[in-house]
Structures are given as structure tokens and as C-alpha cells.
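A short worksheet on the structure shown next.
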Amino acid sequence: MDKSYNPAKEPEIYQSWEKSGAFTPIVPPNPKKARKEKEPFTIILPPPNANNPLHAGHALYAVEDIMIRYHRMLGDPTLWLPGTDHAGIETQFVYEKELKKEGKSRFDYDRDTLFKKIFEFVNTNRDLAKNQMKRLGFSLDWTREKFAMDEDHNQRIYAVFRKMVSENLVYRDEKIVNYCTFCGTSFSNLEVLHKSVDSHLWYFKYPVVGEKDRYVTVATTRPETMLGDTAVAVNPKDKRYSDLKNKKLLLPLVNREIPIIFDSSIDIKFGTGAVKVTPSHSPEDYDLGKKFNLKFIRIFDYDGKANDNVPKKYQGLFPNQLRQAVIDDLTTIGLMEKIKDYSHEVGHCYRCGRPIEPITSPQWFVKMKDLAASATKAVKDEKVTIFPKRFKKSFLLWMNDIRDWNISRQIVWGQRIPAWYVLDNNPEVLINFVTKDGSNVSGYWRDLQSQYDFSQIESGLQTLNAPADSPYYLSKEEAKKQGKLILQETDTFDTWFSSGQWPYSTLGWDPNGNHSPDFDYFYPTTVLDTMWDILFFWVARMIIFGLYVTGEVPFKVAHMHSRVLDAKGQKMSKSKGNAVNPVDIAQNYGADALRMALVIGVAPGSDIALSDDKIRAQRNFVNKIWNASRFVLMIIERFKEKNPDLKISSDIDISALNKDDKSILDNLNKIISSTSSNLNKYRFGQASEDLYHFFWHDFCDVYIEKTKDRGEEVIPVLLTVLITSLKLLHPFIPFVTESVYQILRGQTKLVESQLITSTWPKSVSLPQK
RNA sequence: GAAUCUAUAGCUCAGUUGGUUAGAGCGCUUCAUUGACAUUGAAGAGGUCAGAGGUUCGAGUCCUCUUAGAUUCACCA
């Protein structure tokens, strides 16, 4: 044996495991029945994004590997299913940055071409993550690997979509959505970051029509939207304005007469108690607009510029430019009353960081109320146990006031929504396309149809935007019955609409009920392990979809793991330059050292500061195991030299044990039961720490030292404690334990061929005290 | 605005349902060690467990408040 452990050989060990079939469970002939007799232990890997190499956080898949290896050793049929996610907006955002380097942008391509280019880009990256996961020792069943853009997965989510449409759980509507004009897409509420912004409250005077020198002053944080105001709202109990019933105001700069409306939602104490109402650009005002049947005047286009609903001099300005122009002009004409400092929360795009523009836009929504209710019930009834417990509370809180989910994204990378529009009788469809000579054209079908032939529009199509009440058909064939000029919706599904269906889809759920044996055997899965930051994005959606589509929860336990931070406790990110590549660490110190460093002494769900010190300490521990094993083998050799007939065995003769033997075996029994119990309770930090202490202190420092002046009778106890320790440690540090085991196997009589598939230890029977 | 979490040795953190002298890693001090391992061993210094109050025979552990920090959720002008 080498003088110290050499992690360079870890990949060979991984190959031998994979080749032996240890990662691949066998599905019995009658899976449903077999499941009832013995339930498999199943984890679906949270699929990493296909667009990027793994980061340190992904190394925490180690937690899943620990559970998987533990259950495999317990003898449970065990499946850990790998896959990668297409990660819609994330990937497109990354790819657009690549395009920018070439001096191109998404506007240079029709959507089909752009889609194909992104697909190629993703394919070149996909194997990277896979090899990294192998390097870290994750015992995933690669024969079942999936990708979120696999055709069978697409077909499944399309089927679910159609079902939801037919049951009125999916609807189209023109509502206020969170829109990023830079990314060119809407977002769900979850994808909006609320940042505190130091700004101002501007007080404008709106003249009262027909009354000389009388004004109503409104206070606003968004002067620019005043060009789209269609009312001013006050509280009916506010005496300052009670005489203004049936009066109108003259909107300055625009010279439009707007009504005064009375609604109890208006806070009398805020500002002047009078609020400008812009139904097309503010969520609250949208509600008022609906309630009072106000005009909806959208003043910003999808590119963020002011459109022709504003006076000519303002057209084409971006919101911040428009703001300044409005402030200047109101000041000039003497209608700016005052400006106060004011700090408030503004929604920003989680992707590009720019302010979100709330605008009305036709989009696809999922009705959440009933779906959320069933998920809430499942969690309350512990059909799904959320661990650590504190996340259960925030889950229920979030579910409690959930809003309808905007599932359509105006990007190309993702599953294109399977709905078709008929242009023949739908002139108001807004179309963007690239012409044959490469220029961008945008316009309504009513105007375009005379200038371009349909085939050019179809082949150059970038986006279309159909009015919310446009009829649509769920297949091209259906649509064709209605007309000749057919275009498919260009919006794609929110990534989470796809990944929310990951558990049953990857296992082979079938819309027609002909489920695969895998689905019958492994679904519902056992544990879902992920970081808490996607509890709402992903975990909640999976529970919702699972219950809706299969009638069962997708997993029984949702285990939220820690967040990996750098040595200083800072969030890792590429831009900060403090991101570490887990594979680099594995090359330098061994995957085992990294894995151990990530779990030892970490409380459930708390942050992990990953430092070099910590990794080195665990590298030392791994080496300690190597050397303790080397020592045991060495003294066996020495006894053999003295006595060539010596039988090497780990069978313990209870009557021959001395005090030290009994003490170490007693501790061994304790560590066996505490490790099992800690693993059952997801207390990986405690389990690993106890094992560390037992092996290094109890076994090496105390017991081995004491055996140094004893005879060959120590061999069975030494072997028993060593082999049992290797088994207990194997889920955490699989490589060193397996490689030591293989060496031991060559030199002593060991029955089991691999540690990975060996049985979990049971306590040694000792004489009663 | 709502909720959650954290505050324990110089640093990074463990400490399950409350129970004897509060632990680990790294760092520090002294010593040992040339055949398991210097990626070692032994001994040691170092904490009024943020502060105040309460429950209890007993609290780092439960409750209340205060202070400091972090995070998440949230359509308020």
C-alpha cells in the first residue's frame, strides 16, 4: 500500500461500480405488487442546468448520495435518477451573451433558427456536468438519464396542458404582468426581485374641469405613467374631496378629461389622499380600472419605449427619459407642487437586474386556488413532510395567498405552447418577423397581409402576440379546419411548468394510463432533496402537479439542504470571482475530502462556509483511514510471518475479549445505532461528526495504540471494527472506503465483493456485563 | 408591511425530545515521535453559551422582551 491515500484513482473505482451494475436497480416483473411488498427508495436528482458546469452547490448532491448508498446497503431497491434541465430563460440569457460577443442578438434570427442554435450550444455542455457528477462519486443510474427537452417529456407536459385547458385550469387573459423590456419576456411573481430604491414622491396638480384655479394634487412615485392616467381615485370618506362627485379633471400635458372615482381602498393618510390611476401600468390601478370600467391606455410598448398613445414629443422615450420630460414640463407650466424624498420597493428582473415594467399583456395563466388547496392539505397532513420543519411554515404561508401563475414566456428556448391561431379571421394579431433580406418587421396582420406573403412571415417568424380573446386550437389539425393561415403560439412554457412535472415524467407516466414499469414501481418517490431557494419555484409546483396529474404526492419527504458559501460566508458567484469548481477540489484533495467537508458538523438547512482548511482537515481524515488500514494489514503480515498457519478472520471469540476489546466493540455498537438513527432523521452533520470522532479517537488513538503490544488475538477485533467502520463511512466517503475494502479483500477472507453493495452493519453481540 | 433564522473558544461552526466538569476543526503554547499516518501523537491555554427577565429541582437548550445581523415573502400610490 502507498504511504498515503491517492485520490487520483477515484475515477477507476467509479467505473468499477458503474460496470458492476450497482447503480441500476432491477424492476421486478409485477412492479405494482412488488412495490406493495417492499417499497423502493427513490430520489429524482434535481436536474442541474444544461448550460453551465457544476458549481460548489451541486457538490451537495452528496447528501442524496449518502441517502442512496445507505439505503442500497440496507438492501432496499434503490434508484437515483439523473437528468439535466433546459433552464429556459437562464439558458437563453447565457446564450444571448454568447451572441453578443459575435455582435449578434436574438433579433437577428427567426425563432426556429435561434432555437436550433441554442440546442446545439446546450448539447456541447451537457456531458460536462455528467462527468463532473461522476468525478464526485454520485451513484446515479445513468441508464435512466433524462433531459428536459426530450421528446417524450415534451409530449407529457403537452398532454397535461391540454387537460388543464379542458378543465379551465389554464386560461388566456390580458392582465398586468411583470415584464422585462430588456429580456423581452414576462415573468411570474416569483421571478421579480423587490429592491428598496431611494426615490421621490412627486406632487402634481390636476386642474378641475369647469372650476377656475381649483386643483386636485396627486402624489406619485412614477411621474412618467401619468400620460396613461384614466382616473384619479380618492376615498369616499375623505371630506376634502366629497364635493367633487361627478366632476372631472383635466390631465395635464395630454389634455384628456378623466373622472374622479371613489374607492375605499385608497389610504386617506398617504400623500394627498388622491391617487392617479394608470390601469395599464400598475397592478393596483389595474384592479381599479376593472372595477370602475376605466379606459386602459398602454403607453409603453414591449421594447420599453413610449408609444403613440402619448403626445408626439414623448414618443420613443424610455421610462427614465420620459420621467424627466414629464417632470420638466409639469414644472414649466406650474403644476409641480412639491417633491419629497421617498424610499420604496421596486420590482427588478431577477435575470438582468433592470426594473420590471408592469404592463397589460395577453398571457397564459394557471388558476392556482384549487391546486394550491390540495397541495396545502397534503403538506398539512404530512403526506409530504418538509424538512427542516421551519420551511413547512413558509410553504403554507406562501400557498395561502398564491396568485394565478403566468406560465408563458416570450422566449424561444423551451417547450413552445401547443396552441394554434388562425390568421384568416384574426387581423389583430401582432407579428414580428425577419424578412428574407434580414430586416425586422413588426406589425398587425391586418396591415402585413397585403405587403408580405404568408410563407415569408411563417419562415421568418420571431414572435406573435394574439389578443387575449383570440380563439385557439390545441392541434394544428384542429386549427386547419378553421382556416388556411395557421401560426403556432410563439410563447414557451415557464421552465418550472416543465420541471414541476419532472418526477412522474422521468419515471414514465403516460397520459393514457399505460405507465411504464418504472412509474408503477418507483412512484411516488421517497425523498426530494434540494436547496430551499427553490422551495416555491420547484418543490411547490411538483407537489401541485403530482397531486393534480397522478393523484399522489411526487415524494414523501422534501428535504431542504444547505447553501454553500465561500470561506468568508459570502455567496459564491462568477462575477465576484469567489466561485469554486468542485472538480478542482476533488483533483487536489479527493472527492471524499470535499464530500466530508460539506456535511460534517453542518446543522440541517444551515449555511456551509466551505474553506480550504475544512477540506484539508477532511483530506487528513481520509488519509487517516487509509493508514489505519495499512497498519492493520501490516500487523497481520507480521503475525503471519511468525506463524504461517495463522487463520485470518474477523470472527470474534467473545470469551477471549479483554477490557479494551469490549470497550471498543461497545463503542462500535453505539456508533452503528447512532449512525443509522441519524441517517434516518437526515442528521448527516451529526452522523459524520460522530463517525469522525469514533474512527480517529476511539479506534486509532486509543484502541490501536493499545493493541501494539498484544498478540495475534487482536486480529478479529481489529478487522471487525475496521470493516464495520468502512461500511458506516462508505455513504459519506465512498472512494477511500471502497479502495481499502478491495485491498483488504485481497488479503483476508471477505465475502462481499464490493463495499457499495455490501450490507449495512448490525451490532456485534457482546457478553452481558 | 409579514414571516423566518442567527447571536456558543481567536476564526468557522456542532450541541435530537431541557439533566452530571459546554464540544469539533483550524489557529495558538509546550512536549514527543526516524517501521500506520508530520496529512502524526500527548498535554495545555482559551467561553459569565448577545443582554434582561421568566418557567423548572435543573436552561446554551423552553417562554417574553431588548439589541445586533441575515434571509425569505409581499401589486400599495
Side-chain angles (χ1 to χ4, degrees), chain A residues 1-5 175-178 189-190 192-194 201-203 218-222 225 232-233 265-267 270-278 281-288 342 344-347 356 358 388-398 400-403 532-533 535-536 563 565 567-569 571 589-590 593 596-597 600-635 638 674 677-678 681-683 685-686 688-690 692-693 696-697 700-702 704-705 708:
Chain A
M1 275 177 92
D2 295 343
K3 206 171 169 188
S4 61
Y5 173 67
K175 295 207 281 191
I176 282 264
V177 292
N178 307 298
N189 293 340
L190 273 177
V192 177
L193 296 178
H194 296 85
L201 262 182
W202 286 270
Y203 290 73
V218 298
T220 181
T221 55
R222 297 210 59 194
T225 62
V232 164
S265 71
I266 305 304
D267 183 352
F270 190 93
T272 61
V275 189
K276 63 191 264 319
V277 181
T278 322
H281 294 288
S282 157
E284 309 81 53
D285 296 2
Y286 174 87
D287 293 340
L288 287 172
Y342 186 66
H344 67 136
E345 301 284 316
V346 178
I356 286 287
K389 237 184 184 164
R390 67 187 130 102
F391 293 108
K392 176 176 175 180
K393 196 167 180 184
S394 55
F395 177 94
L396 292 173
L397 220 63
W398 183 74
N400 194 37
D401 52 32
I402 196 166
R403 282 149 207 274
W532 41 259
D533 62 340
L535 179 62
F536 306 135
R563 179 175 56 179
L565 305 172
K568 290 175 191 157
K571 218 171 162 178
Y589 300 105
M596 197 71 178
I600 193 162
V602 174
S606 70
D607 290 346
I608 303 168
L610 186 62
S611 64
D612 254 26
D613 273 355
K614 202 168 181 185
I615 299 164
R616 249 183 273 122
Q618 297 314 316
R619 186 267 317 263
N620 296 354
F621 176 60
V622 168
N623 190 54
K624 189 77 183 176
I625 294 167
W626 179 265
N627 271 292
S629 312
R630 192 155 77 101
F631 175 75
V632 170
L633 282 167
M634 204 192 73
I635 60 169
R638 205 177 297 158
S674 75
S677 132
N678 280 324
K681 292 177 194 159
Y682 313 101
R683 302 170 55 81
Q686 190 68 49
S688 51
E689 199 172 336
D690 292 349
Y692 180 99
H693 187 262
W696 201 316
H697 182 254
C700 294
D701 294 345
V702 178
I704 287 185
E705 288 305 319
K708 284 186 175 173

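Sequence lines set the chain letters: A, B, ... in the order given, protein chains first and strands last, and positions in each chain run from 1.
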Minimum heavy-atom separation for [X] to [Y], with atom names?
| X | Y | value |
| --- | --- | --- |
| A:Trp696 | A:Lys624 | NE1-CE, 3.4 Å |
| A:Trp626 | A:Asp2 | NE1-O, 2.9 Å |
| A:Leu288 | A:Ala233 | CD1-CB, 4.2 Å |

Separation between the [atom1] atoms of [N] and [M], rounded to whole Å:
| N | M | atom1 | value |
| --- | --- | --- | --- |
| B:A24 | B:A9 | C1' | 11 Å |
| B:C62 | B:U55 | C1' | 8 Å |
| B:U4 | B:G41 | C1' | 45 Å |

### Query
So what does A:Tyr692 hit on the nucleic acid, given a heavy-atom distance under 4.0 Å: a base, only sugar-phosphate, or nothing?
sugar-phosphate
### Query
Which is true for A:Lys389 with a 4.0 Å heavy-atom rule: it touches a base, it touches only sugar-phosphate, or it touches nothing?
nothing
Is any N or O donor-acceptor pair between the side chain of [X] and the base of [N] shorter than 3.5 Å?
| X | N | answer |
| --- | --- | --- |
| A:Lys614 | B:A24 | no |
| A:Glu705 | B:A36 | yes |
| A:Glu345 | B:A74 | yes |

### Any residue meeting side-chain hydrogen bond (donor to acceptor under 3.5 Å, both in side chains) with A:Arg222, in chain and number order, not counting sequence neighbours
A:Glu224, A:Glu357
### Task
Would you mind pulling out the nucleotide paired to B:C73, Watson-Crick or G-U wobble, both distances under 3.5 Å?
B:G1
